[in-house]
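This report concerns only the one structure given below.
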Amino acid sequence: MIMAAAAVRRGGSEAFFIGSQIQRCQMKIMGMILLSPTTSSRNHSNFISSSSSSSSSNSRDKHKNDDASSSFRYINDALAFFSSSSSISSRDKHQNDASSFRNIDDALAYFNHMLHRKPRPCIIQFNKLLSAIVKMRHYHDAVISLSKQMELAGLSPDTYTLHMLINCFFQLQRVDLGFSVLAKIIKLGLQLTIVTFNTLINGLCKVGKFGQAVELFDDMVARGYQPDVHTYTTIINGLCKIGETVAAAGLFRKMGEAGCQPDVVTYSTIIDSLCKDRRVNEALDIFSYMKAKGISPNIFTYNSLIQGLCNFSRWREASAMLNEMMSLNIMPNIVTFSLLINIFCKEGNVFEARGVLKTMTEMGVEPNVVTYSSLMNGYSLQAEVVEARKLFDVMITKGCKPDVFSYNILINGYCKAKRIGEAKQLFNEMIHQGLTPDIVSYNTLIDGLCQLGRLKEAHDLFKNMLTNGNLPDLCTYSILLDGFCKQGYLAKAFRLFRAMQSTYLKPNMVMYNILIDAMCKSRNLKEARKLFSELFVQGLQPNVQIYTTIINGLCKEGLLDEALEAFRNMEEDGCPPNEFSYNVIIRGFLQHKDESRAVQLIGEMREKGFVADVGTTA
DNA sequence: ATAGGGTTAG
């Protein structure tokens, strides 16, 4: 047993306990595997060998497994029994050490203590403290203010302090101030190092000024600085994040040729990017490749892959990955647990997610705002906003401050429960708490209003959003478009659609789907067809959903042969029908009393492991 | 320098 071996290596009974706990955590994933469809063939990555882009078709439909709940319950009961019969000592917390603090208040108190202590600690001690605050995220302004206090007290910053400041300014989107620190470094006569350039390049990438980052990269080379693995990795990361995978692969090869060997961070960056790009098989290839090169994966690598695999319901492989990680004595951390909780929640299994929460707590890993928010979202998706609210309050009680994400999740919960008053109240409360609503906050609330048919208020909020300097995105337009369509304001919907096309935004599949659906529902099949062909002109490839919408429209008009033809075309067009598509067309045949073809399709869908709706079979 | 949470369509 790998777990037992890992426990023995760690030595002691506590290690064994932790091992067993994790094993249970894995069993939950295993439970999901048993009830999920399995994997597909692998294809090779172009990342290592060539620079051409490929698209591996590893998209598959997710399956909800209601049957899973009973097997989960069994595991969780075992877990409950197990944890109640043992106690676990929490990990040592290094308090009063400048490198770890429970919260910002403790850190600030310690800062004052340090500043007034005689003799005063050296700049290195202060740097450690500031670095700890940076790691807490959210408190970059505090770091800036503390550094000012230090200078006023006659304590000169060193290069390390100034690099941290550059970071903080960029985090706060203040590019100008970031560069003013560079000026300061020069003025103080401090040496510009590769780290200075790396910090600036990274900051520029973070604020989306990728072009400037590349310029600075070229500039530093021109000045005779040799880029190191950090520099290359930063640029590769930037390229990956803007979807320039081919260019990233090119730079990856180039760094090797320049004698700079990619390290675990470089590989993890690429692996994560491939996973997010739905190219999990290629990510796995790179993973094998890096191991063959003798580079050991770390917790980042494993977390990226576990999430990538889970996102494609590849539970068996995800579990194997978790197992492999732990056999290397890399224990799951807050990120691993939070991502598992999030995925269980999205699968509709909040109960199971709570089990993971329990496990992690018993292992001495305290949930944070991400963990709580993921669970809150799970409840919101189950239309249990009351439970989500309870968690929100628990989180606050535990000293964990809700952020914009947590508020957005809860606002969405209330909107979906049609409790718009409470949603609005939270929106205001968020502002009162000093948080700034973002585009998602607006979109969520606008959607809530649209769903209730309160278009006037939705439109007011849209205008309000513009005045507050938030540019609408494709999602905003889709929400409003859907709102107009559902209320029958088709002319208004088209006006909005055309108005949007004259902005910097290009319509996407979602918008076409909304319009085509609306055209079908208003029995305007001619216009629906027109929109469908317009889609190709815009360079879009129809997806499963849009095909299903069209098929639905054709069925409603009784054009069953044409519907079936479109249905058969789906496979050839690289988007095979899913469970929903089958249900739509079968319902069409049944409604038009074509039972023989319906029965045939029901057989076909069952063969594929799909389940017929109650409405389809009844 | 790398990993986790939120909004839209059938």
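Order of the sequence lines fixes the chain letters, A, B, ..., with proteins taken first and strands second; residue numbering starts at 1 for each chain. Not measured: the values here are computed from a predicted model.
- OP1 and OP2 of B/dT2 both lie 4.0 Å or more from every side-chain N or O belonging to A/K276.
- Contact check for A/I396 versus A/K401: no side-chain heavy atoms found under the 4.5 Å cut-off.
- Note on A/I334: a base of the nucleic acid sits closer than 4.0 angstrom, heavy atoms only.
- Separating the CG atom of A/L480 from the P atom of B/dT8 is a distance of 13 Å, rounded to the nearest angstrom.
- Checked by distance alone, A/S478 brings a side-chain donor or acceptor within 3.5 Å of a matching partner on the base of B/dT8.
- The base of B/dG4 lies close enough to the side chain of A/N368 for a donor and an acceptor atom to sit less than 3.5 Å apart.
- Side chain A/N578 to base B/dG10: a donor-acceptor pair is found below 3.5 Å.
- The nucleotide whose nearest atom lies closest to any side-chain atom of A/K521 is, among B/dG10, B/dG5, B/dG4, B/dG10.
- Residue A/T301 is classed as having no contact, given no heavy-atom separation below 4.0 Å to the nucleic acid.
- Nucleotide B/dA9 holds its P atom 11 Å from the CG atom of A/D517, rounded to whole Å.
- For the pair A/K206 and B/dT2, the criterion of a side-chain N or O lying under 4.0 Å from OP1 or OP2 is met.
- In this structure, A/K241 reaches the B/dA3 phosphate: one of its side-chain N or O atoms is under 4.0 Å from OP1 or OP2.
- When heavy atoms are screened at a 4.0 angstrom cut-off, A/T549 is found touching the sugar-phosphate backbone but no base atom.
- A donor atom on one side chain and an acceptor atom on the other are found under 3.5 Å apart for A/N468 and A/N464.
- Remark: A/K486 is in phosphate contact with B/dG10, judged by side-chain N or O atoms under 4.0 Å from OP1 or OP2.
- The side chain of A/V440 lies closest to B/dT7, out of B/dT7, B/dT2, B/dA1.
- A/T444 comes within 4.0 angstrom of the backbone, heavy atoms only, and of no base.
- Using a 4.0 Å heavy-atom distance criterion, A/N543 is classed as a base contact.
- Residue A/N198 is classed as having no contact, given no heavy-atom separation below 4.0 Å to the nucleic acid.
- Under the stacking definition used here (centres under 5.5 Å, planes under 30°), the residue A/F580 qualifies as stacked on the base of B/dG10.
- Note that the CZ atom of A/F312 and the CD atom of A/E317 stand 11.5 Å from one another [nearest 0.5 Å].
- One interatomic measurement links the two molecules: CG of A/L481 to P of B/dG10, which rounds to 12 Å at whole-angstrom precision.
- Contact of A/N508 with B/dA9 (side chain to base): no donor-acceptor pair of N or O atoms is detected under 3.5 Å.
- At whole-Å resolution of the value, CD in A/E347 and P in B/dG5 are 15 Å apart.
- A/D263 comes within contact range of at least one nucleobase, with a heavy-atom separation under 4.0 Å.
- Checked by distance alone, A/Q307 brings no side-chain donor or acceptor within 3.5 Å of a matching partner on the base of B/dA3.
- A straight line from CG of A/N412 to C1' of B/dT7 spans 7 Å, rounded to a whole angstrom.
- Here A/T371 lies in heavy-atom contact (under 4.0 Å) with a base.
- One side chain, A/K416 or A/N412, offers a donor N or O that lies under 3.5 Å from an acceptor on the other.
- Nearest to the side chain of A/V265, among B/dT2, B/dG10, B/dG5, sits B/dT2.
- Judged by centroid separation below 5.5 Å and plane tilt below 30°, A/F405 stacks onto the base of B/dG5.
- A/S373 contributes a side-chain N or O that forms a donor-acceptor pair with the base of B/dG5 under 3.5 Å.
- Residue A/S374 has its side chain nearest to B/dG5 when only B/dA3, B/dG5, B/dT7 are considered.
- For an aromatic pair to be called close, the ring centres must be under 6.0 Å apart, and A/F567 with A/Y582 satisfies this.
- Donor-acceptor pairing under 3.5 Å is recorded for the side chains of A/T266 and A/D263.
- Between the side chains of A/D473 and A/N443, at least one donor N or O sits under 3.5 Å from an acceptor N or O.
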